[in-house]
Amino acid sequence: MARSPGSTGPTLAVIAREAGVSVPTASKVVNGREDVAPDTRRRVSEVLDRLGYVRKPRPETPRPPALVDLVVQSLDGAWSGAVLHGVEAAAHDAGLEVVVSAGLPRLRDGRPERGWLDKLCARGSSGVLFHLAELTPTQYAWLDEHRVPFVLIDPGPVPPPGVPSVGAADWQGGVSATEHLLGLGHRRIAVIGGYRRKVCSGARVAGFRSAMAAAGLPVPPAYVRYGDFREAGAYQRMTELLELPEPPTAVFVCSDPMALGAYRALRERGLRVPEDVSVVGFDDLPQARWTTPALTTVRQPLSEMAATALRTLLRLRAGEVPEGMRTELSTRLIVRSSTAPPVRISS
């Protein structure tokens with residue numbers, strides 16, 4: 001027979017007999033069930049108190065874990081891996097779980113599908129982090145309408161005023177890459193940017209131009225090319241540079257995957273890196289260390305950017321207003337084997 005937690009307490013059968021009810025009815029009163037008549041509940045409660053029955057504490061219903069949503073452009077590639085690592089580490093410190101989605105919620109009749117918002121609200125998300133996302137005005141309005149806090153990580157186009165974002169010091173990274181090549185003695189330096197409309201691409205090319213201007217060197221228009229942040233696009237742009245009457249002796253390529261495309265174009269022309277052409281990348285992804293020769297590149301702190309974005313999101317959730325909408329983390333030049341002084345320095 002069921003007993004109270006104490007080894008000498010009365011059983012439910014004793015309680016039921018004393019109160020003149022069945023054992024199941026006594027059990028309902030003990031467990032706080034509502035389907036018991038008030039008079040019956042009173043009689044059973046009086047017996048419980050008189051006989052000193054100790055009720056077992058009711059287990060609390062476990063609360064669902066606090067969540068944060070991370071929307072990445074794609075789950076492929078080292079970028080997403082580094083961002084996910086940074087978000088997960090910061091979320092663990094904050095006691096949060098991370099829900100990852102690849103791609104933005106689909107649009108129907110110009111508005112995001114209701115199902116995504118339903119799921120977001122149902123799971124009690126603390127907010128959304130978007131990595132490399134290009135949100136439309138409708139999507140911005142949708143997030144604002146439903147009061148969903150969000151932060152952009154390394155945004156694509158320039159976000160609207162008042163939208164918080166976290167990125168790298170891309171302009172300074174472009175300056176560092178170019179100054180490194182200038183310091184080696186290069187004067188014919190070209191740049192291959194990513195998408196023109198991307199914030200990071202424009203800032204890196206602007207940093208290149210600034211460093212060249214500070215050195216008193218003009219930049220021929222043909223020395224400034226744009227790709228699409230992919231290896232194939234950079235391969236084509238590097239091929240075009242090599243076909244110039246006076247090709248560059250060094251090139252700053254605005255992402256590591258694009259730098260590998262430049263490597264391939266040079267190799268197919270029978271040119272060596274860095275003996276014939278020096279190459280500097282941007283990102284410091286794992287392949288920068290694995291390629292031959294190891295790539296000199298500008299390191300951007302992807303994991304730290306992601307962790308900073310999560311902490312910013314939590315401050316927004318708590319009602320804090322950030323001092324500035326744009327947070328930039330410093331970059332650092334990592335010198336490896338893909339850069340060297342030019343064979344000949346043109347006058």
Side-chain angles (χ1 to χ4, degrees), residues 61-77 79-108 110-169 198-200 300-329:
T61 302
R63 294 182 179 179
L67 301 174
V68 63
D69 277 73
L70 170 64
V71 179
V72 297
Q73 190 177 56
S74 169
L75 292 174
D76 298 328
W79 284 289
S80 295
V83 167
L84 181 56
H85 173 76
V87 171
E88 284 186 327
H92 180 269
D93 292 342
L96 297 170
E97 300 288 342
V98 182
V99 178
V100 182
S101 304
L104 291 168
R106 290 174 294 176
L107 295 179
R108 177 177 293 175
R111 296 180 64 80
E113 285 190 346
R114 180 71 190 176
W116 193 82
L117 177 61
D118 288 339
K119 292 177 182 178
L120 185 75
C121 296
R123 58 180 172 249
S125 179
S126 297
V128 189
L129 300 173
F130 293 101
H131 175 231
L132 289 175
E134 296 189 18
L135 280 74
T136 66
T138 298
Q139 289 166 330
Y140 281 121
W142 172 69
L143 291 164
D144 184 62
E145 175 187 349
H146 294 282
R147 297 184 179 181
V148 177
F150 67 96
V151 177
L152 308 183
I153 305 171
D154 199 12
V158 177
V163 172
S165 66
V166 177
K198 294 278 189 178
V199 175
C200 60
Q300 62 169 332
L302 287 169
S303 292
E304 292 86 345
M305 286 157 52
T308 299
L310 177 60
R311 290 190 287 269
T312 301
L313 179 67
L314 295 180
R315 288 196 294 270
L316 291 171
R317 183 76 178 181
E320 296 182 28
V321 179
E323 294 182 4
M325 288 295 109
R326 168 77 175 179
T327 301
E328 287 192 352
L329 303 187

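- Between V166 and P155 the shortest heavy-atom distance is O-CD, 4.1 Å.
- The minimum heavy-atom distance between V151 and S165, with the atom names listed, is CG1-CA, 4.2 Å.
- Contact record, S125 with D69: OG-OD1, 2.8 Å, taken as the closest heavy-atom pair.
- Minimum interatomic distance between Q300 and A168 (heavy atoms only, all atoms of both residues): OE1-CB, 3.6 Å.
- Judged by distance alone, with hydrogens and angles left aside, the side-chain atoms of S303 form a donor-acceptor pair with the main-chain N or O of A82 at under 3.5 Å.
- Interatomic distance, S80 OG to L302 CG, rounded to the nearest 0.5 Å: 9.5 Å.
- The line from CD1 of I153 to OG1 of T327 is 11.5 Å long, rounded to the nearest 0.5 Å.
- Nearest heavy-atom pair, R317 versus S126, reported as atom, atom and distance to 0.1 Å: CD-O, 3.3 Å.
- Note that CE of M325 and OG1 of T312 are 9.5 Å apart. Values are rounded to the nearest 0.5 Å.
- Of the possible donor and acceptor atoms, one in the side chain of Q139 sits under 3.5 Å from a partner among the backbone N and O of T136.
- The aromatic rings of F150 and F130 sit perpendicular to each other, their planes meeting at more than 60°, with 30° as the lower class boundary.
- Inter-residue side-chain proximity for D154 and H131 is flagged as met; some heavy-atom pair is nearer than 4.5 Å.
- With contacts defined as side-chain heavy-atom distances shorter than 4.5 Å, the pair L152/L135 qualifies.
- L96 is listed as a side-chain neighbour of L310, based on a closest heavy-atom distance under 4.5 Å.
- Annotation for P301 and L329: closest pair CG-CB, 3.7 Å, computed over non-hydrogen atoms.
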